[in-house]
**Q** 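Here it is, the structure, as structure tokens.
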Amino acid sequence: MPAPFAWIRAEPHGIHVAPADCWIDPSQPVERARVTHGHGDHARGGHGQTVATPATLAIMELRYATRDGATPVEYGETIRLPGGVEATYIPAGHVLGSAQILLEHAGERVIVTGDYKRRADPTCPPFEVTPCDVFITEATFGLPVFCHPPVGQEIAKLLKALRDHADRCVLVGAYALGKAQRLIAELRGAGHHEPIYLHGAMERMCRLYEEFGVDLGDLRLVSDHSKDDLRGAIVICPPGALNDRWSRRLPDPITAMASGWMRVRQRARQRNVELPLVISDHADWGELTRTIEDVNPAETWITHGREEALLRWCQLHQRRARALALAGYEDEDD
Amino acid sequence: MEEFAALVDALVYTRSRNEKLRLLADYLTRTPDPDRGWALAALTDCLSFPAVKSSTIRNLMMERVDPVLWVLSRDFVGDTAETASLLWPDAKGAVAPPPSVTEAVEALGRMTRMSVMSELPKLLDRLDANGRYALIKLATGGMRLGVSARLAKTAFAQAFAVAVEDVEEYWHGLQPPFAPLFAWAAEGAPPPRTEDLPVFRPFMLAHPLDDVTVDLEDYVAEWKWDGIRVQLVHAGGETRLYSRTGDDVSGSFPEMAGALSFPAVLDGELLVRGSHQGGEAGGAASFNALQQRLGRKAVSAKMLAEYPAFVRLYDVLILEGEDLRDLPWTERRARLEALMPRLPRERFDLSPVVEADHFEHLAEIRSRTRDEAIEGLMLKRKDSPYVAGRKTGLWYKWKRDPLLVDCVLMYAQRGNGKRSSFYSDYTFGCWDGDPDAGAELLPVGKAYFGFTDEELKQLDRHVRNHTTNRFGPVRETDRSLVFEVAFDSVHASKRHKSGLAMRFPRISRIRWDKPAEEADRIEALRALVKD
Ligand SMILES: [Zn+2]
Ligand SMILES: [Zn+2]
């Protein structure tokens, strides 16, 4: 009898499912890829075949300008892969289209989470706790210092800054896929129905979200408006544009950034952020550890992020765990 | 404590001096006594709680958090206070409401090495993460919020619409929480009494003499000596020596502390004996010799013998209970001259008046001066009272070498080769307007020579102790140190934000004694542009 879980292996450039000869979130082009979600470090281009949710495929098409080999799979749908492997895509609550992939083979169940969070997000269905033997979890915010406050509290901070400075604008740096749209949806949910102004790089992704039924309200492009139009308004740009020449066209912006990293003062100061907003699409320490307890797997494998601390937590709680050394994943600006 | 924590947090993220002033002034006006006084003391690092150390915090955390998780977290966050504030477990069950700043300060003051491990947790349990951060920073010292004493005083003056010079004078004799200061500024009580205290009186300062000429009927000329401007105060049986920043430097110059034995406040230039800078009591050494004596806590007998200090007097402010500051310069000068015989000759001499028939004659005298250690000329209006700060038209300084500017250190970077472990490359800036009205610093140049190895060590230490931000190999400092920068010429440049580029800038002197607010403005540099 083969060793338990020998059919699934962590290789430096992704997770390999041997009987089906396919890869989960590979960081290099492969023949057969199964992709959890559309963020760049998970969804690379150039694969022969890509199986993912329709939204993830649409996001990849936006980025790589091709649908070649795209094979959609709905949440909850089970597909048969060669070699007696079944795969089921389950909501991960991370961004639009994000999925955990449940793999079943020879009576063993393995879940690859991709990225996930446990909090409510108006732009995607919530994470579903699914029993399994091996739980392969992310660990982006895998340190006990990370505790994301309730999103409403951060949105209130943003709206207060806006009210206090009627002649300025609040410029929020937010990751173009997921964070930006969630931020807009949360603002709408909090009753902010004013136009929100976008950096050009954000527009197409927002439109894609709307095509998938996420209402984002009145969105406008900064480039179509004068400085005066932007006074008292919220402007959203990719984090990289925050301190860039581009922002000179704005009326004395208050620099904000929506990211889980904003929990740490030095991180916020490094980016010259005046208004840090601790909003993340990743699980914080409490969510990571609670999820391991909820899923209660026989083994926990930990991927990209701060593996060491989560590994230590598993040890302290008598849980079998190991860290996978995967290459090519970055800390998302998230 | 929540309001204070919110202020600390806002200051952490605010880079503009103007906005810092606004935040501080706003806090001071809406916070009751004595909370605001304690807060002010905490922000300006005037409080010390010896029982609470960084190691205390670490030990407390070890009792509550797994040591491995603590180390991983501390390494990631990079700051013990912040890591502890984030990891402190929420209290179980009902807790008392957050303490006020006063309650926290009083409780911290009562703590001993024995009791701190049980008492500090009681305070931390009552606070959220931001409150814990503020409390730990307050308790362990070193807020590093870029709030200098000067900034705090300016904010205080702004909050209560009083003169910053008055704040400076009254502040000096008081202990936290500065109740009489708030009573005076906020409630109109009489100002705190300072006559019997050896407190610092703000200096009268000069404007640069740019394109102006003055009539020597109305103005008198004096040399501007190249030492350290000091104020010597004797009151209530004590003698103190204050630097330009109002720092008490008596400890570094014990021979001066013993030299004045009757109640007086004197203004002069601190010098060290040598062959330059002639005067009545003999010569003075160059500024470099004086540098040997600066910033030393303990002064050896050898130092005292090799580099004996003395003060070359410019002015007398107060004499035996009589405040002379409202008298015209000529009368103060007469009183000063009359006073000289009462002072020991080896410790004092009088800065002579430079005789000239007319302005052009004075210009000629100035240009003929070869003494390396004369900085230039001072022009003082004969009828001017002694007023704090810089009032237009009363005093002018006329520097000998026009290609010198005082800049503020902004960034430092590690050097190359044998200097790779030192922060030895410095970027400095000038003010783009009045710093007290919220002007910012604009970088004007970079220099990496002009200082000795010993000074490099001191500068490296300064950079490390005053870092407010890091960008890779570059450290941003709290903008508290002034460099006198020498350069060959300055040109207009589109590549620089300041619009100016200096040719061969070098550090000519490190002005440990000069407040950053008094560094030059960008106009001073712009006026030197030759293209
Ligand atoms: Zn992601
Ligand atoms: Zn990821």
Side-chain angles (χ1 to χ4, degrees), chain A residues 139-150 153-154 157 160-161 164-165 168 170 243 245 248 252-257 260-278 284-286 288-289 302 305-317 323 331, chain B residues 5-6 8-16 18-20 22-23 26 61 64-90 128-130 132-134 136-137 143-146 440 467-476 478 497:
Chain A
T140 305
F141 290 103
L143 274 179
V145 292
F146 289 110
C147 166
H148 311 324
Q153 185 182 314
E154 302 301 288
K157 240 162 70 179
K160 182 177 184 312
D164 290 351
H165 302 277
R168 300 175 68 180
V170 182
N243 297 310
R245 192 176 271 279
R248 291 191 196 160
D252 192 14
I254 298 166
T255 310
M257 174 141 160
W261 302 117
M262 294 298 106
R263 172 86 165 154
V264 175
R265 286 177 174 79
Q266 192 61 23
R267 284 286 185 121
R269 283 181 51 95
Q270 267 165 7
R271 304 202 67 141
N272 285 327
V273 167
E274 295 164 274
L275 178 67
L277 301 171
V278 189
D284 66 9
W285 176 258
L288 289 169
T289 54
I302 305 163
R306 268 127 289 276
E307 294 93 341
E308 248 186 300
L310 201 55
L311 199 61
R312 172 70 179 175
W313 180 88
C314 289
Q315 251 174 32
L316 291 172
H317 291 77
D331 277 348
Chain B
V8 167
D9 223 36
L11 288 170
V12 165
Y13 298 117
T14 302
R15 307 177 76 78
S16 131
N18 225 0
E19 185 64 12
K20 280 187 177 155
R22 198 191 61 77
L23 287 165
D26 180 49
M61 293 313 295
R64 286 162 176 82
V65 182
D66 173 65
V68 175
L69 292 178
W70 163 260
V71 170
L72 291 170
S73 299
R74 167 69 184 72
D75 285 353
F76 180 86
V77 173
D79 178 84
T80 298
E82 181 166 12
T83 314
S85 74
L86 295 172
L87 287 186
W88 188 262
D90 282 331
D128 66 6
N130 280 346
R132 294 191 290 256
Y133 177 77
I136 297 172
K137 283 285 178 192
M143 290 286 224
R144 301 262 177 88
L145 293 171
E440 308 284 346
T467 299
T468 56
N469 213 349
R470 297 178 194 204
F471 311 93
V474 178
R475 289 190 180 213
E476 182 175 2
D478 61 3
K497 200 177 166 195

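Only this structure's heavy atoms are used, side chains among them; waters, hydrogens and symmetry mates stay out. Convention: sequence-line order gives letters A, B, ...; per-chain numbering from 1. All values reported here derive from a predicted model rather than from experimental measurement.
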**Q** Kindly indicate whether the side chain of A:Phe146, heavy atoms from C-beta on, has any atom under 4.5 Å from the side chain of A:Val264.
**A**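 Side chain of A:Phe146 against side chain of A:Val264, heavy atoms only: contact under 4.5 Å found.
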**Q** In terms of heavy-atom proximity below 4.5 Å to chain A, should B:Asn130 be classed as side chain, backbone, both, or neither?
**A** both
**Q** I'd like to know if the side chain of B:Arg475 pairs up with that of B:Thr467 as donor and acceptor (distance under 3.5 Å, no hydrogens or angles considered).
**A**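 B:Arg475 vs B:Thr467: donor-acceptor pair found between side chains.
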**Q** Would you mind checking which part of A:Arg312 comes under 4.5 Å of any heavy atom in chain B, side chain (CB onward), backbone (N, CA, C, O), both or neither?
**A**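 Looking at A:Arg312, just its side chain touches chain B.
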**Q** Taking the side chain as every heavy atom from C-beta outward, state whether A:Ile254 and A:His165 have any atom pair closer than 4.5 Å.
**A**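 Side chain of A:Ile254 against side chain of A:His165, heavy atoms only: contact under 4.5 Å found.
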**Q** Under a 4.5 Å cutoff for heavy-atom pairs, which residue among A:Arg269, A:Glu274, A:Arg263 has the most contacts with chain B?
**A**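 Looking at each option in turn, the highest pair count goes to A:Arg269.
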**Q** Taking ring-ring contact (aromatic ring centres under 6.0 Å, His included) as the test, write out the residues that go with A:His317, two or more places apart.
**A**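 Here the qualifying residues are A:Trp313.
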**Q** Test of understanding: with side chain to side chain donor-acceptor pair (under 3.5 Å), list the residues that count as partners of B:Thr468, not counting sequence neighbours.
**A**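 Listed in chain order: nothing, the list is empty.
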**Q** Chain A heavy atoms under 4.5 Å from B:Thr14: which part of the residue, side chain, backbone, both or neither?
**A**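 No part of it gets close to chain A.
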**Q** Does any backbone or side-chain atom of B:Asp66 lie under 4.5 Å from a heavy atom of chain A? Answer side chain, backbone, both or neither.
**A** side chain
